[in-house]
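Numbering starts at 1 and runs along the sequence shown.
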Amino acid sequence: MQQRRTTLAWMAAASLLPLLASAPAQAQTALDTILAKKQITIAIPTDYPPYGFVGTDLKPQGLDIDMATLIAARLGVKLELLPVISANRIPYLQTKKADLVISTLGKNAEREKVIDFSIAYSPFFQAVFAPKSVTVKGPADLVGKTVGVTRGAMEDIELGKVAPPNVDVKRFEDNNATVAAFVSGQVQVIATGAQVAGTIMAKNPQIGTEYKFLLKDSPNFIGIAKGEDALRAKVNEIITAAKASGEIDKMAVKWLGRPAGDLPN
């Protein structure tokens, strides 16, 4: 009887072997893959200064490139930069051409349906800019000065909320005309986005353009493939540490002319 029981137990165990063999192994996460191959591919902009553009040495540079470099360094892996445009940022993430997207990516409900996001890593804002020689600390200081803005743009709307009624606001029909008016001295002050101001600073350093005060803040987030929770947690850990160490603020000052400040999670 004992021998029969032993035989039956052995047969039962043997019958489970095919099932155990066919059970799927735990899926490898994107973070596992990155660490295993010691390389991360990060999608970045090259047409959107100061966040990402091609420098005189023909290499990508900008705030987003600095952030990509920081993440790769903290992970201890080689960085591969993958230039993207607005239209293909999310598709590259979905098709695994990129592990992360660091490309002035705003977070909204529609995007959250198809990709995940890190906590915010940089500001993206509309603000008032002027030469260092022009004293402007707040809306009241705009009185007696000419301010250029693109008609109907976000910065036009936000400027209208805070500017005193007697400020001389010159509205132009497109962004190029607004920038041209500021660069030529037709207006003393410009209300515009950080990206436009960064281009002005890069191309016209003789003006000495600097950030004066904020109109509206809408930060950037890092895009991560849906369901890659381990990678998202690691990226958030790196961003949190960089905020605490002051590295995030240093990047913002370097490229945007102002600290990042309190960024949302």
Side-chain angles (χ1 to χ4, degrees), residues 43-69 81-87 89 102-106 121-137 141-142 145-156 158-159 168-220 248-261:
I44 47 93
T46 54
D47 61 348
Y48 211 74
Y51 292 93
F53 59 100
V54 177
T56 54
D57 58 359
L58 302 182
K59 295 180 180 179
Q61 59 180 280
L63 191 152
D64 286 353
I65 286 76
D66 282 1
M67 190 68 217
T69 302
L81 294 174
L82 180 63
V84 290
I85 58 175
S86 294
R89 292 177 298 181
I102 306 181
S103 182
T104 59
L105 195 62
Y121 70 94
S122 76
F124 188 89
F125 56 88
Q126 288 78 35
V128 169
F129 299 84
K132 293 179 181 179
S133 58
V134 177
T135 302
V136 175
K137 295 182 179 179
D141 294 324
L142 297 177
K145 300 177 179 67
T146 53
V147 183
V149 68
T150 302
R151 188 184 306 278
M154 177 66 72
E155 51 268 23
D156 186 15
E158 296 302 320
L159 181 66
D168 183 12
V169 178
K170 305 287 188 185
R171 290 180 170 84
F172 300 89
E173 296 308 313
D174 60 51
N175 190 60
N176 288 337
T178 305
V179 171
F182 177 70
V183 171
S184 67
Q186 185 180 342
V187 297
Q188 298 166 280
V189 179
I190 186 170
T192 190
Q195 177 257 338
V196 174
T199 302
I200 293 172
M201 293 175 187
K203 292 185 176 181
N204 304 276
Q206 75 282 0
I207 297 175
T209 304
E210 67 177 13
Y211 166 87
K212 296 299 185 180
F213 67 87
L214 182 69
L215 290 173
K216 184 177 178 62
D217 209 346
S218 50
N220 295 316
I248 294 288
D249 275 336
K250 287 178 182 176
M251 286 185 204
V253 170
K254 175 183 176 182
W255 295 108
L256 305 176
R258 55 156 279 197

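Note that the CG atom of Leu215 and the CG atom of Asp156 stand 10.0 Å from one another [nearest 0.5 Å]. With rounding to the nearest 0.5 angstrom, the CZ atom of Phe53 is 4.0 Å from the CD atom of Gln61. With rounding to the nearest 0.5 angstrom, the NZ atom of Lys59 is 15.5 Å from the OG1 atom of Thr46. Distance check: Thr104 OG1 to Arg89 CZ gives 5.0 Å after rounding to the nearest 0.5 Å. Here the CD1 atom belonging to Ile44 is positioned 12.5 Å from the CG atom belonging to Leu63, to the nearest 0.5 angstrom. For the atom pair Asn220 CG and Asp64 CG, the distance stands at 6.5 Å (nearest 0.5 Å).
Looking at Thr192 and Phe129, their side chains come closer than 4.5 Å, going by heavy atoms from C-beta outward. Tyr51 is listed as a side-chain neighbour of Ser122, based on a closest heavy-atom distance under 4.5 Å. At least one side-chain heavy atom of Ile207 sits less than 4.5 Å from a side-chain heavy atom of Phe182. A heavy-atom distance below 4.5 Å is found between the side chains of Arg258 and Leu214. In this structure, Tyr121 and Ile102 have side chains that are in contact, with non-hydrogen atoms separated by less than 4.5 Å. For the pair Phe125/Leu256, a side-chain contact is recorded, criterion being any heavy-atom separation below 4.5 Å from C-beta on. In this structure the side chain of Ile65 reaches within 4.5 angstrom of the side chain of Leu81, judged on heavy atoms. Side-chain contact check for Glu158 versus Lys216: some heavy-atom pair is nearer than 4.5 Å.
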Original post:
Is there a salt bridge (Lys or Arg N to Asp or Glu O under 4.0 Å) between Lys254 and Asp66 once you walk through the steps?
Top reply: CA-CA 10 Å; Lys254 175 183 176 182; Asp66 282 1; 3.2 Å; yes
Original post:
Could you walk me through whether Val169 and Val149 pass the side-chain contact (heavy atoms from CB on, under 4.5 Å) check?
Top reply: CA-CA 7 Å; Val169 178; Val149 68; 3.7 Å; yes
**OP:** Assess whether side-chain contact (heavy atoms from CB on, under 4.5 Å) is satisfied between Thr69 and Met67, documenting all intermediate values.
**Re:** CA-CA 5 Å; Thr69 302; Met67 190 68 217; over 6 Å; no
**OP:** Would you check, one step at a time, whether the test side-chain contact (heavy atoms from CB on, under 4.5 Å) holds for Glu155 with Val128?
**Re:** CA-CA 9 Å; Glu155 51 268 23; Val128 169; over 6 Å; no
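Between Tyr48 and Phe124, the two ring planes are parallel [angle under 30°; tilted spans 30° to 60°].
In plain terms, the two heavy atoms of Lys170 and Thr146 that are nearest each other are CE-CG2, 4.4 Å. When all heavy atoms are compared, the tightest approach of Val179 to Ile200 is CG1-CG1, 3.9 Å. Shown here for Val189 and Lys145, the closest heavy-atom pair between the two residues is CG2-CD, 4.2 Å. Summarising the geometry of Ala252 relative to Ala260, their closest heavy-atom pair is CB-N, 3.5 Å, with the distance given to 0.1 Å. Heavy atoms only, all atoms of each residue included: Gly261 and Asp249 are closest at N-OD1, 3.3 Å. Residue Gln188 comes nearest to Pro131 through the heavy atom pair O-CD, 3.4 Å, listed as atom of the first residue, atom of the second, then distance.
Between the side chain of Thr178 and the main chain of Asp174, a donor-acceptor pair closer than 3.5 Å is present.
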